[in-house]
Amino acid sequence: MSEDILVKNLKQQLDRLFNQLADLEECREDLEDDEYEETKEETLAQLKEFQESLDKATSGNITLQDELSSLKLATQAAISSAFKTPEVMRLFAKQEPTQLRTLL
C-alpha cells in the first residue's frame with residue numbers, strides 16, 4: 001500500500017514538472033530571454049533531483065523498479081531534451097502509445 005502511494009506521488013510530481021515545462025514554453029514570448037533560460041534551468045534541475053530520488057527509491061527495492069522504470073525513462077528524456085515538447089514526454093511517461101503516435 002505505501003508503495004502505491006509512493007508511485008502515485010512520484011507520478012504526480014513528474015506530471016507537475018512536465019506541466020511546468022509546458023507552461024514555460026507557452027509563456028516564452030511573455031518572458032525575457034534570461035528569465036526564460038533561468039526558469040528552464042531550474043525546472044531541469046528539479047527533474048535531475050527527481051531522477052536522483054527515483055534512483056535511490058529503486059536501488060534497494062526490486063518491486064518498485066518495474067513501477068518506476070517508465071518514470072525514470074521519461075525523466076531522462078526530459079533532462080536530455082530528447083523530445084521537443086513536454087506533451088510528448090508526458091505521453092511517454094504515462095505509457096500512452098496511441099496518443100503518442102497520434103501526436104507524432
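Worth knowing before you read on, the calculation uses all heavy atoms, side chains too, and leaves out hydrogens, waters and symmetry mates. Here the structure is a predicted model, which is why all the values come from computation and not from measurement. Numbers here simply count residues along the sequence, with the first being 1.
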Nearest 0.5 Å please: distance from the [atom1] atom of [X] over to the [atom2] atom of [Y].
X   : Y   : atom1 : atom2 : result
E38 : T43 : CD    : OG1   : 10.5 Å
I5  : L10 : CD1   : CG    : 12.0 Å
L24 : E26 : CG    : CD    : 10.0 Å
F18 : D23 : CZ    : CG    : 13.5 Å
L14 : N19 : CG    : CG    : 9.5 Å
K40 : R28 : NZ    : CZ    : 6.5 Å

Inset, instruction - For Q12, look at atom CD and say whether over 12 heavy atoms of other residues, nucleotides or ligands are found less than 6.0 Å away. - result: yes
Legend entry - Side-chain heavy-atom pair K8, D4 within 4.5 angstrom cut-off: no
Inset, instruction - Find out whether L17 and Q20 are in side-chain contact, i.e. whether some heavy atom of one side chain is under 4.5 Å from a heavy atom of the other. - result: yes
Inset, instruction - Would you please say whether a donor-acceptor pair under 3.5 Å links the side chains of E29 and Y36? - result: no
Legend entry - Audit row: D33, E37, side-chain contact (heavy atoms from CB on, under 4.5 Å) steps and yes/no: CA-CA 6 Å; D33 288 341; E37 289 299 325; 5.5 Å; no
